[in-house]
Each structure stands twice: as C-alpha cells, then as structure tokens.
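Reckoned from all heavy atoms, side chains included, excluding hydrogens, waters and symmetry mates. For this chain, numbers begin at 1 and follow the sequence in order.
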Amino acid sequence: MKLHYIYHSGFALQTDRYTVLIDYYKDTSETDPKHGWVHDRLLADPKPLYILSTHFHPDHFNREILSWRQKHPDIHCIFSYDILKHRRASQQDAIWLRKGDTYQDDLLKVEAFGSTDVGISFLIETEGKRIFHAGDLNNWHWTDESTPEEIRQAEDDYLAELNLLHQAAPELHLAMFPVDPRIGTDYMRGAWQFVEKIRTDLFVPMHFGEDYAGAEAFTPLAAANGCRFLCPTRRGESFDI
C-alpha cells in the first residue's frame, strides 16, 4: 500500500485493487489546478476509487469531485452529512455518514467518528490495517487569543472524542492528523495527546498548508511515543506504508 500526499489534508491510499482519496482540496500541481497526481494519474486508473470527505469546509471538500464520474468508471463517494446539510452536494451524489455510522463492502470498512469542528473523522479498516484520518478533529485551543474557559472547553471536547476513538481503536497502523502552526503557542498539543493516548505505528501530519517546517517540528514528540513520523516535504510525495 502507498500513501500519496496531495495537499493540506488531502491524501490518497493506493492498493493493487483500489484507491481511497480523502479530503481532496487541491491537486499536486502548484500552477495548474486541473493537473497533478489526481487528475493526470488517479483519474486515469480504472480501479475502484473511493472518495471520502470529512466535512464541507473548502479546504477539505472541492465540488469538482462530483464531476469525476464522467471521467472514471467506478467511483464511490462517502461524505459527511454536513456536506449535504450545507447544500454542497445532492442526496444522490454520495453515501452520507454521521458520527457513529459505518460503511462497509468487500474491500474496506469506513467508520465515522467525531470532530471538534464540523463534520466527522474516518477510521478505515482495509488490507489488515487500521487507518485514521482526523479531518478537523484536534485540540483547537488557540492559547494566544482564547479565554482560559474557552481553552479548557476545547480540551475537554477534544479529549472526549479521543477517548471514544481509543475505545474502538487503541492501536492504529497509520494516523493522518493536524499539526497546524496557525494555532500559535503549543500548536502540537493535540497531536501529542493523540499519540500518547493511541498507539500509532505511522504518524503523518496534515492541515499545515505550506509550513512544512512547522509540521516537521513534531518529529521528536512522535518518536518519544514510539511513532514512525512521516512528514511530507512537497506535494505529490509518496510513502510505502
């Protein structure tokens, strides 16, 4: 199995039988939005393509994907229900999941967990692996601008969701999780709490835009919790997992 970093929180999991594209926002080309790994390679691959979107925010969901059925013969869209609620897509466009819902077929299982923003996060079971994509689940504490009460509430909400995930999946093969320097002071706190709570073999940061150095700074904290840390250094980078 290969993991392809697309951009921001966008990743593709590629197997010999199918591909899973998660939270597509922009392709890997920095100059042409209609070109890159997704447009030029993935959409030309006839294997089944699962497209997962955790929520409606424009940096996690691009309506362009709704037109891809014209280019690809075998697409399965699995979206968070808030995308339908906010009228970014229609009922017939996807399979809709709320927190606690599960989709399963003969290739993979997708279970919806919570978020501390909007939408859901995804626990994917496939190829004998448990893989987690956090969406916008994080400890969004904004220490430099929030009140102490707001910070405590953000942490309580996050830890409650983390505990629910831990009950279902105390160990993960791969986690894709926000490490976003825009939070400011202690921006890695949510990621640190995640790997401290849930044994994670491979940890990949996301939601950092172009701040690769800010994401890479999590390396020693991941290593201290027994994780192999894989930090993308460019769009379109691939990892064997």
query: With the 4.5 Å side-chain cut-off for hydrophobic clustering, are M1 and L52 part of the same group?
result: yes

message: Is any side-chain heavy atom of F79 closer than 4.5 Å to one of R88?
response: no

Donor-acceptor pair, side chain of W140 and main chain of A154, under 3.5 angstrom: no

message: For T54 and D23, which I'm curious about, is there any donor-acceptor pair between the side chains at under 3.5 Å?
response: yes

message: Rounded to the nearest 0.5 Å, what separates atom NE2 in H141 from atom OG in S146?
response: 8.5 Å

message: How close do I6 and A12 get, counting heavy atoms only, and between which atoms?
response: CG1-N, 4.2 Å

- request: Apply side chain to side chain contact (heavy atoms under 4.5 Å, CB included) to K197 and L159, showing your working.
  value: CA-CA 10 Å; K197 182 74 173 181; L159 293 179; over 6 Å; no

field: Hydrophobic cluster membership, I22 vs W37, 4.5 Å side-chain cutoff
entry: no

field: Modelled atom types, side-chain donor and acceptor of H76 and D74, under 3.5 Å
entry: yes

query: Is L21 close to L49 at the side-chain level, that is, under 4.5 Å between some pair of heavy atoms?
result: yes

query: Got a second to check how far E196's CD is from C227's SG, nearest 0.5 Å?
result: 11.0 Å

- prompt: Heavy-atom distance under 4.5 Å between the side chains of T28 and H35, does that happen here?
  reply: no

query: Going by atom types alone, do D156 and Y158 pair a side-chain donor with an acceptor below 3.5 Å?
result: no

statement: Of all heavy-atom pairs linking Y5 and P232, the shortest is CD2-CB, 3.5 Å

- request: Treating Ile, Leu, Val, Met, Phe, Trp and Tyr as nodes and any side-chain heavy-atom pair under 4.5 angstrom as an edge, say whether L162 and L221 lie in one connected cluster.
  value: yes

- prompt: Ring centres of F56 and H86 under 6.0 Å apart?
  reply: yes

query: So do the side chains of M176 and I131 get within less than 4.5 Å of each other, counting heavy atoms only?
result: yes

field: Atom pair SG/CG of C77 and D93 - distance to nearest 0.5 Å
entry: 7.5 Å

field: Test log, rule side chain to side chain contact (heavy atoms under 4.5 Å, CB included), inputs N62 and K26
entry: CA-CA 8 Å; N62 187 333; K26 292 181 178 180; 5.9 Å; no

- prompt: What are the two closest heavy atoms between A112 and I120, and how far apart are they?
  reply: CB-CD1, 3.7 Å

Test item: V204 and F11 side chains (from C-beta on) under 4.5 Å apart, heavy atoms: yes

- prompt: Got a second to check how far L66's CG is from S90's OG, nearest 0.5 Å?
  reply: 8.0 Å

query: Quick one: does F194's side chain get under 4.5 Å of N225's, heavy atoms only?
result: no

query: Can you name the residues that form a salt bridge (charged side-chain N to carboxylate O under 4.0 Å, His left out) with R152, not counting sequence neighbours?
result: E149

- request: Can you establish whether the number of heavy atoms outside K85 located under 6.0 Å from its atom NZ is more than 12?
  value: no

statement: Applying side chain to side chain contact (heavy atoms under 4.5 Å, CB included) to A191 and not counting sequence neighbours gives F177, V179, F203, F218

- request: Could I get the full list of salt bridge (charged side-chain N to carboxylate O under 4.0 Å, His left out) partners for E64, not counting sequence neighbours?
  value: K34

message: Would Y24 and W68 count as a ring-ring contact (aromatic ring centres under 6.0 Å, His included) here? Give the steps.
response: CA-CA 12 Å; Y24 174 82; W68 289 351; 5.0 Å; yes

query: Is the distance between the ring centroids of Y25 and F61 less than 6.0 Å?
result: no

query: Can you tell me if CZ on R69 sees more than 12 non-hydrogen neighbours from other groups inside 6.0 Å?
result: yes

- prompt: In terms of heavy-atom contacts, does CD of Q70 have more than 12 from other residues, nucleotides or ligands at under 6.0 Å?
  reply: no

Any side-chain heavy-atom pair of L202 and L172 under 4.5 Å: no

Table please: side-chain donor-acceptor pairs of residues 234-241 below 3.5 Å, with sequence neighbours left out.
unit_1 : atom_1 : unit_2 : atom_2 : d
R235   : NH1    : D27    : O      : 3.2
R235   : NH1    : S29    : O      : 3.0
R235   : NH2    : E210   : OE2    : 3.4
E237   : OE1    : T233   : N      : 2.6
E237   : OE1    : T233   : OG1    : 2.9
S238   : OG     : H4     : ND1    : 2.6
D240   : OD1    : K2     : NZ     : 2.7

query: Can you name the closest pair of heavy atoms from P178 and A134 and give their distance?
result: CD-CB, 3.7 Å

field: For E145, all residues meeting salt bridge (charged side-chain N to carboxylate O under 4.0 Å, His left out), sequence neighbours excluded
entry: none

task: Begin from the C-alpha positions of E161 and K99 and carry the test salt bridge (Lys or Arg N to Asp or Glu O under 4.0 Å) through to its verdict.
output: CA-CA 11 Å; E161 295 295 344; K99 178 181 174 179; 2.9 Å; yes

message: So for atom CG, which belongs to N163, do other residues, nucleotides or ligands contribute more than 12 heavy atoms lying within a distance under 6.0 Å?
response: yes

message: Under the criterion side chain to side chain contact (heavy atoms under 4.5 Å, CB included), I'd like the reasoning laid out for H57 against D117: C-alpha separation, chi angles, the key distance, then a yes or no.
response: CA-CA 10 Å; H57 286 168; D117 196 336; 3.5 Å; yes

- request: Report yes or no: do L107 and L13 belong to one cluster of Ile/Leu/Val/Met/Phe/Trp/Tyr joined by side chain heavy-atom distances under 4.5 Å?
  value: yes

- request: Determine, stepwise, if the pair R199 / D201 fulfils side chain to side chain contact (heavy atoms under 4.5 Å, CB included).
  value: CA-CA 7 Å; R199 176 171 174 76; D201 293 336; 4.2 Å; yes

message: Quick one, P205 and C231 - any side-chain contact, counting heavy atoms below 4.5 Å?
response: yes

statement: A215 and F229 have their tightest heavy-atom pair at O-CZ, 3.4 Å

Extract all donor-acceptor atom pairs below 3.5 Å that involve side chains of residues 180-190 and protein atoms in other chains or at least two apart in sequence.
unit_1 : atom_1 : unit_2 : atom_2 : d
D180   : OD1    : R182   : N      : 3.0
D180   : OD1    : R182   : NE     : 3.0
D180   : OD2    : R182   : NE     : 3.1
D180   : OD2    : R182   : NH2    : 2.7
D180   : OD2    : H207   : ND1    : 2.8
R182   : NH2    : H207   : ND1    : 3.3
T185   : OG1    : D144   : OD1    : 2.8
T185   : OG1    : D144   : OD2    : 3.2
Y187   : OH     : G214   : O      : 2.6
R189   : NE     : E155   : OE1    : 2.7
R189   : NH2    : E155   : OE1    : 3.3
R189   : NH2    : E155   : OE2    : 3.0

- request: Verify, without hydrogens or angle tests, whether T219 (side chain) and A217 (backbone) share a donor-acceptor contact under 3.5 angstrom.
  value: no

- request: Identify the heavy atoms of V110 and L108 that sit nearest to each other, and give their distance.
  value: CG2-CD1, 4.0 Å

statement: The reported gap from CD in Q92 to CG in L84 (rounded to nearest 0.5 angstrom) is 9.5 Å

message: Tell me whether I78 shares a hydrophobic cluster with V20, the cluster being built from Ile, Leu, Val, Met, Phe, Trp, Tyr side chains joined at under 4.5 Å.
response: yes

field: Straight-line distance of Q104 CD to K109 NZ, nearest 0.5 Å
entry: 5.5 Å

